[in-house]
Each structure stands twice: as structure tokens, then as C-alpha cells.
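Just so it is clear: chains get the letters A, B, ... in the order the sequence lines come, proteins before strands, and each one is counted from 1.
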2 protein chains.
Amino acid sequence: MAEKRYRIGEFSKLVGLSTYTLRYYEDQGLIIAQRDGNGVRYYTEDDIRWVGFILHLKGTGLRLNDLKRYVRLRAEGDSTIAERRDMLQKTKDDAEADIAELQMHLKVLSRKIDWYDGKVAHTIADSESFHDYLQQFNDK
Amino acid sequence: MAEKRYRIGEFSKLVGLSTYTLRYYEDQGLIIAQRDGNGVRYYTEDDIRWVGFILHLKGTGLRLNDLKRYVRLRAEGDSTIAERRDMLQKTKDDAEADIAELQMHLKVLSRKIDWYDGKVAHTIADSESFHDYLQQFNDK
DNA sequence: TCTTGACTTAAAGTGCACTCGAAGGTGTTT
DNA sequence: AAACACCTTCGAGTGCACTTTAAGTCAAGA
């Protein structure tokens, strides 16, 4: 029972990347398809998982260049495991810092929304500025 | 006691935007500086607060175009408060969705790091693939 | 046979948000 | 007098990650 083979068009829909992007990624060395006797690309279940994984990496903010480095390291074998691990750890730390910052911005945004609501409901004086309103949260 | 006035160079350092960017934002209608008798821009404490706020908005992922729309609405006065509130709410919802997605990607990333650690410590069989390793978390 | 979908290389285009430089001008400070 | 910080317009450059086009070839299926 041979594994199912997907040609680029089908695979494209499966993973949510355009055929352009798949070929572009192949140029970049990120997703290397196998070829049939006619030189036509085909992808397997393994490739689905691999694309899934690199999309997770991209989703955490990893740039193509770093992704390329990761892939190169992977190709070098087990001797690069520590380096790859550290790379992922740094990516993770960066992403967590991004989230923290985003949440900080969101907090102000939320307060502005509350402030608008207060204005509309007249529970905040017409004259009170958002800046003054914000002050009351400063110690929290 | 007149309020302190900042010229663009000083203000730039204060808010962390280059003078190029400040002029660019002014072209875009986002931060309008006042001018002295010679046509030289100056900024006040109010402008510091305003820039702070728009950086919060940008920080949550609001695009320049939307930011411009927000500023236009603001200039129209209180009649646009509901629309502005809704805009911020949508921005907030979007940002929260982004965070949720980011966290989902991070979870996989974390597991990959754990998997690397397991490989190094030999608590995971050399032969076990990450995909198989991941399966055990599928019901959580 | 014709359409469909694949293949190639190389180059150009897109969108966003800046970022910079040229060229020429004013006003303040050393 | 020179240096410095500011002013203007406007067009070009940057970085990233695609996205599209052009122009031509090839093979399987209806």
C-alpha cells in the first residue's frame, strides 16, 4: 500500500499555501517535493506534517531566513540538535515577549473602550480626559 | 507658566519616532504639530500623550489607514464616538484572536523543545518522531 | 484534439511602513 | 563665518514575503 501522493495543486489546497508559494519555498529550500518520472512534483503525508510544522514556526514570528537556517541545521543531522533547540527557545521567548507587549497595549485599548462607554452612559464627566481617566489605574 | 514646547529633534527622542516618521505621520494626518512664528514645528505634553496613544493602537495591530480613519472620526467630534468605540472593539477582538493563535503555535513549539530535550536526555526513544510524540497531547 | 495542469527561468509587481537624499532656504548659536 | 537644526517638495530606496507574468514545453485524460 503505497502512500498517497499529492500533486502541487491538490497539496496547495490541503496546506493553504498557493502553488506559487510552494515553489517559492522550494527555491528557498524549505519544502522540497519529490518528483515523478516526468519531473512533476509530488508531496506525501510527511510533507503535510512538515508544512504544518513550519507554519507553526512562522506563526510564532520566525522569519524565512531563520527558517532556512533551521532547515539547514536539520539537514546536518543530530549534531545540530542543541542549536535547533536553542533557536526554538529564542523564538518562543521572543513570541512570549511579543504577547506581553501586545497585552499591555490591549489594556490601554480596553480602558479607552470603557472610557467611551462611560462617556456615552454619562458615568464619566464630559470634561474628563482619557489621560486623567487612565491615571486611576496607574498603581495597579 | 507656558507649557514646555519641544522641537522635532527633541520630541523625536522623547517618543521614539524618527523625525522622518514624525513628518511622515503629519503628512498622513496623524500627528499635527503646531508651528512657531518661523514655521518651525513644536510639540507639547498633549502631543506626547497622543503619540503614546496611537502607538498603543499601532501596537495592537491597527494599520495606518485605519488609524487615519480613527483620527478623521475624532476630528468630527462626539457624534462619531460610537463608531470609534466599535473600531477599537474590533481592533481588540482581532488582537485577542491573534494572541490565541500565537499561543496555539507556541504550544507546538514548546512541545518540540521538550521533544528535543527528551532526545538529548534519552528519555524519548531515538526512533520516536515528533509527530508521534505530539499525538499523546491530542486529547488535551 | 483540446483542455488541464504541470514544468522551467527570470524578472517585475505588490503592499506596507517607513527611510533617506537631493537641493535649496531660514533662523539661532558659537 | 560656520555649524546646526529646522523648513519644503518629491521621488527613490529598503525589507519582507510573497505574487504574478511571460514564454515556452510536456503529458495525461475526456
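If you measure from atom CZ of A:R23 to atom P of D:dT20, you get 12 Å, rounded to the nearest angstrom. Atom pair A:I8:CD1 and C:dT4:P shows a separation of 19 Å (rounding to whole Å applied). Atom CG in B:L57 sits roughly 13 Å away from atom P in C:dA17 (whole-Å rounding). Note: OH (A:Y24) to P (C:dA11) measures 16 Å, nearest angstrom. In this entry the distance linking OH of A:Y6 with P of C:dG5 reads 19 Å, nearest Å.
A salt bridge is absent between B:R23 and B:D27; no separation between the charged side-chain nitrogens and carboxylate oxygens falls under 4.0 Å. Salt-bridge check for A:E83 with A:R69: passed, with a basic side-chain N closer than 4.0 Å to an acidic carboxylate O.
Residue B:R63 has a polar side-chain atom (N or O) positioned under 4.0 Å from OP1 or OP2 of C:dA17. For C:dC16, the OP1/OP2 oxygens have no side-chain nitrogen or oxygen of B:K68 closer than 4.0 Å. One finds a side-chain N or O of A:R41 lying less than 4.0 angstrom from the OP1 or OP2 phosphate oxygen of C:dT8.
Within 4.0 Å of B:Y25, counting heavy atoms only, lie sugar-phosphate atoms of the nucleic acid but no base atom.
With D:dT19, C:dA6, C:dT8 as the candidates, the nucleotide lying closest to the side chain of A:S18 is D:dT19.
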